[in-house]
Amino acid sequence: MSKMSTEPLRHALNGPTMGSRWSALFFTRANFDTAALQQALQAAVDQVDAQMSTWRPDSDLMRLNAAPVGAWVAVPAQLMAVLRLGLKIGRASGGAFDIGMGDAVRAWGFGPEVAAHEGIRAAMQVRRRPAHEVLELQGDRVRKAAPIALDQNGIAKGHGVDRLAETLAAFGVTSGLVGIDGEMRALGLRPAGQPWTIAVEAPDPDRRAPHSILALQDAAVATSGDYRHWVELQGRRLSHTMDPTRGAPLPDPPASVTVVARTCAEADAWATALMVLGVEKGEELARRLGLDALFLRRGGARGFRSVGVGRLFSRNLVTDRTDG
């Protein structure tokens, strides 16, 4: 048998999901059925979208939103798992991560409708209770103790990335990198034994360029920032990240927060939570909880100042290569 026939083969698959695209870069043995895996990967993210989308009136999340206060609603296992994780991180972050901001997200124009002044006023005036105080979870059922509009956008894409990784693993793939819209998860190492390298984007709305590079093995990374998803109202650019205390976009957020975690859902949610807390409070909480995080804020000679937290994060930072 020739040497070439025993070398791992490189594959790159992608498809649409959640208003963006998923991607999978991985290595396998020869004669691997990529068509079956493509179908399975697409089905995995389609299931996440069907359960957690706020853009689809028939999603399981929107069905829960429409249910009366006090009524028990049965939800699928995946949605329940993401709700549990969202509430857990909500408590641990002191409410900085809140899956109950759906009304504010929609009112400010980050949902299916354009920004509406009446909705904005209502979102800012309503007396809010964090989702972890409002939702009761029992088995496969959820009950709301008060009116609340749930939104999983701060965690659903990360969960979708995890489902992509789980699907690769189920097909026997041990070397791969999957992602959705910049949220990434690495499986194992590259065939030569090197970690997967991923660019942390410089938070510049006018161009795409790397700020630094992460090296990952069996870990996930997610970034929350103020520079890609925003609306402009009265000449001011407003980030999509909501301040749970105000029912409005963050007034002065960090430029971006990047988190490395075991799963992409955790990284996704914690990046949002630390973005809401800001550099000082976010850094303090990240150190206390042992999170690996990179805060970027505008200023300094290079245009950005960085604050890194966590041994894993600093150990994985490299600057000399990126993956193609």
Side-chain angles (χ1 to χ4, degrees), residues 52 54 61-62 64-65 69 79 82-111 113 115-137 142 144-159 222-226 228-231 233 236-257 259 265-286 288-289 291 293 295 297:
M52 303 177 203
T54 55
L61 183 68
M62 294 304 287
L64 176 58
N65 276 340
V69 171
L79 176 55
V82 176
L83 287 172
R84 288 189 184 280
L85 179 61
L87 298 184
K88 177 182 177 181
I89 294 176
R91 293 188 191 93
S93 65
F97 182 74
D98 191 351
I99 61 173
M101 298 298 296
D103 60 321
V105 170
R106 294 173 77 94
W108 285 92
F110 295 107
E113 298 93 17
H117 292 292
E118 290 186 5
I120 288 172
R121 283 194 295 270
M124 295 184 68
Q125 292 173 359
V126 68
R127 183 177 180 182
R128 294 186 177 278
R129 293 173 58 190
H132 61 266
E133 293 183 1
V134 173
L135 291 188
E136 181 180 358
L137 279 53
V142 183
K144 299 178 292 187
I148 191 170
L150 300 171
D151 185 298
Q152 298 276 54
N153 285 333
I155 194 171
K157 283 185 180 178
H159 175 71
T223 297
S224 181
D226 70 351
R228 286 286 171 248
H229 305 294
W230 47 269
V231 295
L233 290 177
R236 185 180 181 189
R237 186 176 292 183
L238 301 172
S239 167
H240 72 291
T241 305
M242 291 292 142
D243 180 352
T245 64
R246 298 171 55 247
L250 295 173
D252 186 27
S256 71
V257 179
V259 173
E266 292 171 295
D268 198 5
W270 275 115
T272 299
L274 298 181
M275 187 83 172
V276 170
L277 288 170
V279 177
E280 287 75 20
K281 292 182 179 179
E283 179 186 359
E284 179 183 354
L285 181 62
R288 179 159 55 85
L289 297 181
L291 301 174
F295 298 81
R297 52 185 173 184

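Heavy-atom basis, side chains included; hydrogens, waters and symmetry copies ignored.
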Where [X] and [Y] come nearest, the two heavy atoms and their spacing:
X	Y	answer
S93	W270	CB-CZ3, 3.9 Å
A146	R129	CB-NH1, 4.0 Å
A123	A104	CB-CA, 3.9 Å
G100	A131	N-CB, 3.9 Å
A273	F97	CB-CB, 3.8 Å
L150	T54	O-CG2, 3.9 Å

As an exercise, state the distance from [atom1] of [X] to [atom2] of [Y], rounded to the nearest 0.5 Å.
X	Y	atom1	atom2	answer
M124	R121	CE	CZ	11.0 Å
L79	R84	CG	CZ	11.0 Å
M52	I99	CE	CD1	10.5 Å
K144	L135	NZ	CG	8.5 Å
T272	M101	OG1	CE	12.0 Å
Q125	I120	CD	CD1	11.5 Å

Examine distances only and state if a side-chain atom of D151 and a backbone atom of G102 form a donor-acceptor pair shorter than 3.5 Å.
->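 Not a single qualifying donor-acceptor pair exists.
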Would you say the side-chain atoms of R246 pair up with the backbone N or O of P249, donor to acceptor, closer than 3.5 Å?
->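 A pair under 3.5 Å: yes.
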Take V257 and L277 through the test side-chain contact (heavy atoms from CB on, under 4.5 Å) and record every step on the way to the result.
-> CA-CA 10 Å; V257 179; L277 288 170; over 6 Å; no
Side chain proximity check, T241 to P253, heavy atoms < 4.5 angstrom | no
Candidate pair L85 and L83, rule side-chain contact (heavy atoms from CB on, under 4.5 Å), full reasoning = CA-CA 5 Å; L85 179 61; L83 287 172; over 6 Å; no
Charged N to carboxylate O below 4.0 Å: is that the case for E266 and K88?
-> no
May I ask you to check whether over 12 heavy atoms, not counting those of E284, lie within 6.0 Å of atom CD?
-> no
Among D98, D243, D103, the one residue meeting salt bridge (charged side-chain N to carboxylate O under 4.0 Å, His left out) with R128 = D103
D268 vs K157, side-chain contact (heavy atoms from CB on, under 4.5 Å): CA-CA, chis, key distance, verdict = CA-CA 8 Å; D268 198 5; K157 283 185 180 178; 4.2 Å; yes
Between L274 and F295, does a side-chain contact (heavy atoms from CB on, under 4.5 Å) hold up when you go through it step by step?
-> CA-CA 9 Å; L274 298 181; F295 298 81; 3.9 Å; yes
